[in-house]
Amino acid sequence: MECLEFRRQCGTDPNSGDPAYEAHAESCPACAEYARELRAFDGLILQALKIDVPRVADDQLGGSGTAHKPAWRQPRWLGLAASVLLAVSVATGIWVTLPEDTLAGEVVEHILHEPKALSESTTRVASEDIYKVMSRAGYALDQDVGVVTYSRTCVFRGYEVPHLVVQGRQGPITIMLLPDIPVVQPVDVNESGFSGSIIPFDKGSLAIVGESGETEIGQMTRSLVDGIGRSR
Amino acid sequence: MSHPGLITMKSSEGEPAKRREFDRMSAELRPDLYRYAFWLCRDTALAEDLVQETLLRAWRSADSLRQPESVKQWLLTIVRREHARHYERKRLETLDIDDLSPSQQAMLASSESHEVDDMRKALFCLSDEYREPLVLQVLMGYSTAEIAEMMDLKQGAVLTRLSRARKTLRSQFAQEQSKVKVSG
């Protein structure tokens, strides 16, 4: 593939998975950089397109689907307690950051957006490829965490982030290192058939998400915390 | 992601089970339907109406769907049809940034960063024929062949529109960014 054709495809169909396109990106640093810039631009377009979605009443079509179940109502004392906590936090200058529910949702949305990454596979990604992806973010994976079958740099919230998939006992486990997206405390991920957590890591966070019921998340999290370090 | 429930529910289960399954499926797909509807019409209230009308129509004809894996595409097509029906006589043309409606202005004010804000402005001003394939590709993840089928276009035409959409956005975005630099 020629540079001109590559750049044309960059602007029209950058995620086609065309082998010739991928091969050209590997062999031409200038085009690879051009593609990286366009991916970041597409990441920004995606962020802008993701407008907030208003809630609808449970009894409407497209509601939360809980119309036939008793709705959980927040006890009044909990609301009061939250208000008091917020007032105390502000008065004492301690800002309590509540868990970022939207971050969990966005991670799951990102996973669903890349179905190829979740295909069950036994083909191990070469360690050099994992190194490339991790080092681009300034990190290295120094420990064997299992069979890595997917390793890509993705754009998430406008940042380039390493996105890996390891085959767990019950299916693929997604790992997303988010160096520029901090969380103050662990955030549970539990939606659309996925479960896991997003934990504070270095100055950002680390998301480890498997299929609901995956039993290896805890072990995987410990291995990753021990195994990921700053690249030299 | 497939939604097998739409097919399996109707054969042996009763109406409440069918409604529950439909609610579950539509709640899952609603964000995509709403965002697609919004970027077609650029109006939050109308987008909600379009989604609600789409789900009503889908509910009435759920029994006719034979391919559960194509539920999302089927619903998006209904959104598109409903939108076209709405604008049969009154087609919105490209907007000037100074002509944004109060709800559009409010959406820009709620953006989390200047860059996202500027990109939304650029998207608001992009013509319908360029914005729609871009939404289907970047937000929904459809291939150019699928977009061609949904929009009833040739694949070459989709590629051209996507290329022009990005080019126009880059230029518009750069203009917005330069305004920030000048005023900053």
Side-chain angles (χ1 to χ4, degrees), chain A residues 5 7-18 37-69 102-103 105-106 108-118 155 157-159 181 191-194, chain B residues 1 16 19-36 38-39 44 47-48 51-52 54-56 58-59 107 110-113 115-123 131 134-135 137-141 143-144 155 158-167 169-170 173:
Chain A
E5 193 187 341
R7 291 181 182 219
R8 197 177 290 136
Q9 193 167 330
C10 264
T12 55
D13 205 2
N15 303 311
S16 65
D18 176 5
E37 281 171 15
L38 278 196
R39 271 202 306 274
F41 191 72
D42 267 15
L44 187 59
I45 297 174
L46 179 61
Q47 260 187 291
L49 289 174
K50 280 188 177 175
I51 53 166
D52 291 339
V53 179
R55 289 186 180 281
V56 292
D58 282 352
D59 57 354
Q60 273 189 296
L61 285 168
S64 66
T66 56
H68 307 278
K69 300 174 196 165
T102 54
L103 179 59
E106 284 173 55
V108 169
E109 233 177 293
H110 181 85
I111 293 171
L112 290 171
H113 206 68
E114 292 192 23
K116 272 186 234 167
L118 288 183
V155 175
R157 284 194 176 179
Y159 298 108
I181 304 172
E191 53 191 277
S192 304
F194 293 94
Chain B
M1 178 174 271
R19 171 63 194 264
R20 265 200 304 277
E21 184 57 31
F22 187 86
D23 279 345
R24 186 197 62 75
M25 179 277 300
S26 46
E28 192 180 313
L29 293 178
R30 194 172 173 280
D32 276 347
L33 298 179
Y34 175 79
R35 286 170 178 150
Y36 178 60
F38 175 81
W39 287 112
T44 50
E48 285 192 62
V51 172
Q52 203 54 31
T54 295
L55 292 174
L56 277 172
W59 169 245
M107 182 166 290
S110 71
S111 303
E112 55 268 40
S113 75
E115 283 192 325
V116 172
D117 192 23
D118 287 344
M119 183 57 80
R120 280 196 184 140
K121 280 183 195 165
L123 283 162
R131 193 173 55 250
L134 194 71
V135 170
Q137 186 184 57
V138 177
L139 185 62
M140 308 290 170
S143 68
T144 51
Q155 201 173 345
V158 172
L159 292 172
T160 304
R161 289 186 187 198
L162 286 168
S163 169
R164 288 183 184 160
R166 285 188 172 89
K167 203 171 166 189
L169 274 185
R170 268 200 300 278
F173 180 71

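A note on names: the letters A, B, ... follow the listed sequences, proteins ahead of strands, and every chain is numbered from 1.
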Quiz item: Of all residues at least two apart in sequence or in a different chain, which pass the side chain to side chain contact (heavy atoms under 4.5 Å, CB included) check with B:Ala47?
Solution: B:Tyr34, B:Ala37, B:Phe38, B:Cys41
Quiz prompt | chain B contact via A:Glu109 - side chain, backbone, both or neither, heavy atoms under 4.5 Å | solution = side chain
Quiz prompt | Under the side chain to side chain contact (heavy atoms under 4.5 Å, CB included) test, residues paired with A:Leu46 that sit two or more places apart | solution = A:Lys50, B:Val138, B:Leu139
Exercise. Measure B:Leu33 against the heavy atoms of chain A and call it side chain, backbone, both or neither at under 4.5 Å.
Key: neither
Practice problem: For B:Gln137 and A:Thr12, indicate whether the former's side chain and the latter's backbone hold a donor-acceptor pair under 3.5 Å. | Solution: yes
Quiz item: Distance from B:Leu134 atom CG to A:Ile45 atom CD1, nearest 0.5 Å?
Solution: 5.0 Å
Quiz prompt | Main-chain N/O of A:Ile51 paired to B:Arg35 side chain as donor or acceptor, under 3.5 Å | solution = yes
Quiz item: Are side-chain heavy atoms of A:Leu49 and B:Leu123 found at a separation under 4.5 Å?
Solution: yes
Self-check item: Interface moiety of B:Ser143 toward chain A, non-hydrogen atoms closer than 4.5 Å
Solution: neither
Exercise. Could you tell me which non-hydrogen atom of B:Met119 sits nearest to which non-hydrogen atom of A:Ala48, and how far apart they are?
Key: CG-CB, 3.4 Å
Quiz prompt | A:Leu112 vs B:Glu28, side-chain contact (heavy atoms from CB on, under 4.5 Å): CA-CA, chis, key distance, verdict | solution = CA-CA 12 Å; A:Leu112 290 171; B:Glu28 192 180 313; 5.9 Å; no
Quiz item: Which atoms of B:Arg161 come close to chain A, meaning under 4.5 Å heavy atom to heavy atom: side chain ones, backbone ones, both, or neither?
Solution: neither
Quiz prompt | SB check A:Glu37 B:Arg166 (cutoff 4.0 Å) | solution = no
